[in-house]
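For reference, positions follow the sequence shown, starting with 1. Computation of the quantities below employed the complete heavy-atom set of this structure, encompassing side-chain atoms and omitting hydrogens, waters and symmetry-equivalent molecules. Source: prediction; values computed, not measured.
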Amino acid sequence: MAVTAFPDEWLAQSLEGLVTPELLEQLRGKADPGRTLWEVLVSERIATDAEIIDKLSHRFRLKVADASKIDHAVRQGVPEQLARRYRVLPLRLTDSFLELGTANPFDLDAEKALAFATAREIRLFLLPPSKISEKLDELYKPEKQLDKLLEGMESSADLVQLKDTQPEELNISEADASQKPVVRLVDMIISEGILSRASDIHVEPEEGGVAVRYRIDGVLRQVMKIPRQAGLPLISRIKIMSSLDIADRLRPQDGRARVAVNGQPVDLRVSTLPAQLGEKVVIRILDSRGTVKSLDTLGLNPGEAEAIRRLLENHEGILLVTGPTGSGKTTTLYSCINQIKSEGVNIVTVEDPVEYRIQGIVQVQVQEKAGLTFASALRSILRQDPNVVLVGEIRDKETAQIAVQASLTGHLVLSTLHTNDAANAVTRLVDIGVEAYKIAASLRGVVAQRLMRKLCTTCKEVWMEAPPERLRRWIPKGTPLYRAAGCPDCAMTGYRGRFSILEILTVGPELERRIAAGEAADRISEAAKRGGMKSLWDSGLAHVTRGESTIEELTRVVDIPSDEGAEPLAEPARPGAPSRASGAVTDVPRGSSAAGTAVIPEPVGSFTTNFDLLEETLTPTLRSGAHGQPVSKVLLVDDEDSLRKVMRDLLERDGYFVAEARDGVQALDQVDRVGPDIIVLDLNLPGLDGYGVLSHLRSRPATANIPVIVLTAKGDEDNEVRVFELGADDFLTKPFRARALSARLEAVLGRRR
């Protein structure tokens, strides 16, 4: 059997430690003609693209190509046949030079041929063979991208379109649903969106493609971008599914569809909007399988669920839930229905659409084309002798007046309004056309609502920074705060799930008089707050101080209140130690308190010979805390546990937050996790030594500017010169004095500030 030589056998010499002569001989024996050594190493899992790129870039001082930044005009200057023959990816073409991505920077034939063909200087950048093949197809064959996108992408769910019970208004043949790859792609997008807990799917034409985004936990996340050539068939397929006119692309359209995912039916509401670059489509997912929550499972603060229960004890009157679209109003209303549902209570709802299906109550779906509106349905419902009526939304004067009239004649009416806060619900009803005295007589309470994302319990971390100045008055001193870190469980967002924050306005005699008198919303709100009403900000802040969410999430959802009339939360009984009500604090880094303030450690009884404590230790002082100036974070990298402990204790006495690593690989991992302000790095480390760590840090843009103080037992001039050439900021020889380390840290940090 003939031995096949690889066209890039030079690579073996550059991968010392990964490829031995014996292994190379073995690979030669089973290599396919035309395959490169690089491809074989990756396919056999001997090395990864990243490992090979890293070794080549460091050894030959070559830059790595950014395949995401390709100038598509380059395909006009570089023939596809030439690029594929030499397996290079054209990146950028100017009047004087051509930039190429290549896996073989020593292929002189390719360099000469391309220089001759383009009459330009060639500049080479490193790029893996797999990435070159992928991007060549994208650059020269964009029409094949849809098939390539579907290769290897199998949906984890089986989606089947169900026949709508409504008569079809459009007679569209199956052939109009475009080609099979488009049908598969649409099915995959919808089924994966449903399984990902998305509430909406957005299909948006953009420059260079069509973006698909899922709204998960109230925040949009882009999941894919497909070429523009596939955009029109994709959108047409969605319009066919929802019985919309695919020929009309100039008017907004609304439709609906029913599908089954893994045998479970799901309703879809589809809305199209003509935009500059094409039609935008939004698919709202209404999973009728969703279970109705109880008030206790909405994640409410102590006392909020009880306040709603007291409102539901009324046998007549109106209870309103307000907030913007997608703020959980319907879920809260159904939780209220679940609370009062019993065999002796006749409950009827009128909704558009019916989002949850509940046994034991009558649910009416609005059909405006058939003349069944909120007002007409409500008028008919009142003839059915209901005890409780749920109106999905009060949209117009007629519906509002019938709802008020029903509440004044012995019915409990639950409904929603679109307002910013509880007090403005009164103003909104007046604007619709309901008299103020009728509102005062019928209204029993208003619940304003928002949804906040919940921190992922797997990866949440104590927040070591100080909150912004304008927020400090709201955070009791010593309260632990957390930040979103990100992990695979939460799709690297740091959040998983949501909970409700509420503003509950209960109408008492004073508020009834003010509403009847037609007073403004701010006066009504002030009176309600004097009566004990907590604002949305107060409700959300209570969740933040219990460690359930973050300050960033609170300010994203709710505006920061003005200082006038604002009352910050009270101080906890013991600063630095939260009460039982605030929840237990977990995952607090060693050397810090629950509030993120550096803790003075116990005295150390033994010292290593490499650390010479000649001066008296300074009086312990805390230079910063969780709500003072930001704590400087130091990463200690040393394989000697005793020396690391001594240095840690010293630095924590000086008020630093300290993280540790015992080898080079762990050090690089800690840099990404902790984000240190400065690194104290020993050169003599197991595995990846200090020189390698320093080279990695300086080669990455994200870590290139982190100051590094090098520790070494070798104090010779050559060693000192070498570490400075690699980018160290300071150099300290073991053994060293305690005060010398502190002074050098201060000096280096001072120069970088």
Side-chain angles (χ1 to χ4, degrees), residues 199 218 267 269 284 286-300 304-342 345-366 374 377-378 381 386-395 399-400 402-404 406-407 411-422 424-425 428-429 442-451 498-507 536 539:
S199 59
D267 291 321
R269 296 295 182 267
R284 187 180 180 195
L286 305 174
D287 192 349
S288 57
R289 299 171 301 147
T291 56
V292 177
K293 298 177 180 290
S294 67
L295 289 172
D296 294 324
T297 60
L298 295 179
L300 307 181
E304 290 177 346
E306 186 56 37
I308 294 177
R309 288 191 182 96
R310 285 197 298 270
L311 289 174
L312 294 174
E313 290 173 358
N314 291 289
H315 297 292
E316 47 82 27
I318 293 181
L319 174 59
L320 296 174
V321 181
T322 73
T325 301
S327 61
K329 300 186 297 295
T330 303
T331 301
T332 300
L333 276 182
Y334 272 111
S335 300
C336 294
I337 290 291
N338 202 36
Q339 175 72 27
I340 59 180
K341 184 182 69 171
S342 70
V345 180
N346 180 15
I347 302 175
V348 184
T349 75
V350 51
E351 308 164 65
D352 184 23
V354 174
E355 294 192 28
Y356 299 98
R357 295 176 184 175
I358 310 178
Q359 293 293 330
I361 69 173
V362 178
Q363 295 174 275
V364 179
Q365 168 73 54
V366 167
F374 276 112
L378 185 54
I381 286 169
N387 300 107
V388 179
V389 179
L390 187 153
V391 182
E393 183 182 348
I394 294 179
R395 298 177 178 174
T399 306
I402 297 172
V404 168
S407 69
H411 304 86
L412 179 60
V413 179
L414 309 179
S415 188
T416 68
L417 271 180
H418 288 272
T419 64
N420 289 330
D421 56 27
N424 271 294
R428 173 69 177 145
L429 288 174
S442 61
L443 191 61
R444 294 294 174 264
V446 183
V447 178
Q449 175 166 333
R450 299 290 189 278
L451 291 176
R498 289 187 288 178
F499 55 81
S500 302
I501 60 173
L502 305 180
E503 179 179 84
I504 303 173
L505 182 149
T506 302
V507 178
L536 288 167
S539 178

**Q** Identify the heavy atoms of A377 and V350 that sit nearest to each other, and give their distance.
**A**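 Closest approach of A377 to V350: CB-CG2, 3.5 Å.
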**Q** Would you mind writing out the side-chain donor-acceptor pairs for residues 304-313 within the sub-3.5 Å range, not counting sequence neighbours?
**A**
unit_1 : atom_1 : unit_2 : atom_2 : d
E304   : OE1    : N301   : N      : 3.0
E304   : OE2    : N301   : ND2    : 3.3
E304   : OE2    : S539   : OG     : 2.8
R309   : NH2    : D296   : OD1    : 2.8
R309   : NH2    : D296   : OD2    : 3.0

**Q** Check for a donor-acceptor pair, side chain of Q449 on one end and backbone N or O of G328 on the other, with a separation under 3.5 Å.
**A**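 Looks like yes, one N/O pair under 3.5 Å.
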**Q** May I ask you to test the L320-I394 pair for a side-chain heavy-atom distance under 4.5 Å?
**A** yes
**Q** Show the numbers, then the answer: is there a salt bridge (Lys or Arg N to Asp or Glu O under 4.0 Å) between E503 and R450?
**A** CA-CA 9 Å; E503 179 179 84; R450 299 290 189 278; over 6 Å; no
**Q** Would you check if there is a donor-acceptor pair between the side chains of E351 and Y334 at a distance under 3.5 Å?
**A** yes
**Q** List the steps and the verdict of side chain to side chain contact (heavy atoms under 4.5 Å, CB included) for V388 and V345.
**A** CA-CA 7 Å; V388 179; V345 180; 4.0 Å; yes
**Q** Could R444 and E316 be called an ion pair, given the rule that one side-chain N must be under 4.0 Å from one carboxylate O?
**A** yes
**Q** May I have all residue pairs that pass side chain to side chain donor-acceptor pair (under 3.5 Å) and include part of residues 319-328, sequence neighbours excluded?
**A**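 Sorted pair list: T322-T419.
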**Q** Does any N or O in the side chain of N387 come within less than 3.5 Å of the main-chain N or O of N346, such that one atom is a donor and the other an acceptor?
**A** yes
**Q** Write down the atom of A403, the atom of L378, and the distance for their closest heavy-atom approach.
**A** N-CD2, 3.7 Å
**Q** Checking the side chain of S442 only, and the main-chain atoms of S407 only, is there a donor and an acceptor separated by less than 3.5 Å?
**A**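 No.
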**Q** For the OG1 atom of T349 and the CG atom of L414, what is their distance to the nearest 0.5 Å?
**A**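 So the gap between those two atoms works out to 10.5 Å.
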**Q** Counting C-beta onward and ignoring hydrogens, is there a side-chain heavy-atom pair between F374 and V366 closer than 4.5 Å?
**A** yes
**Q** Tell me if a side-chain donor or acceptor on D421 pairs with a main-chain N or O of N424 at a distance below 3.5 Å.
**A**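 Side chain of D421 to backbone of N424: a pair is present.
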**Q** As an exercise, state the distance from OG of S415 to CG of L319, rounded to the nearest 0.5 Å.
**A**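 Output value for this atom pair is 9.5 Å.
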**Q** Side chain to side chain contact (heavy atoms under 4.5 Å, CB included), that's the test. Do I337 and I347 meet it? Break it down for me.
**A** CA-CA 8 Å; I337 290 291; I347 302 175; 3.7 Å; yes
**Q** Less than 4.5 Å apart, any side-chain heavy atom of L333 and any of T416?
**A**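 SC-SC contact between L333 and T416 confirmed.
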**Q** So which atom in L429 and which in A400 form the shortest heavy-atom distance, rounded to 0.1 Å?
**A**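 Of all heavy-atom pairs spanning L429 and A400, the closest is CD2-CB, 4.5 Å.
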**Q** For I318, which of V446, V389, V404 qualifies under side-chain contact (heavy atoms from CB on, under 4.5 Å)?
**A** V404
**Q** Are the side chain of K329 and the backbone of H418 linked by a donor-acceptor contact shorter than 3.5 Å?
**A** no
**Q** Working to the nearest 0.5 Å, report the span between CG of L390 and CD1 of I361.
**A**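 That separation rounds to 7.5 Å.
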**Q** Suppose we screen for side chain to side chain contact (heavy atoms under 4.5 Å, CB included). Which residues come up paired with L298, at least two apart in sequence or across chains?
**A**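 Listed in chain order: K293, L295, L300, T331, T332, S335, S500.
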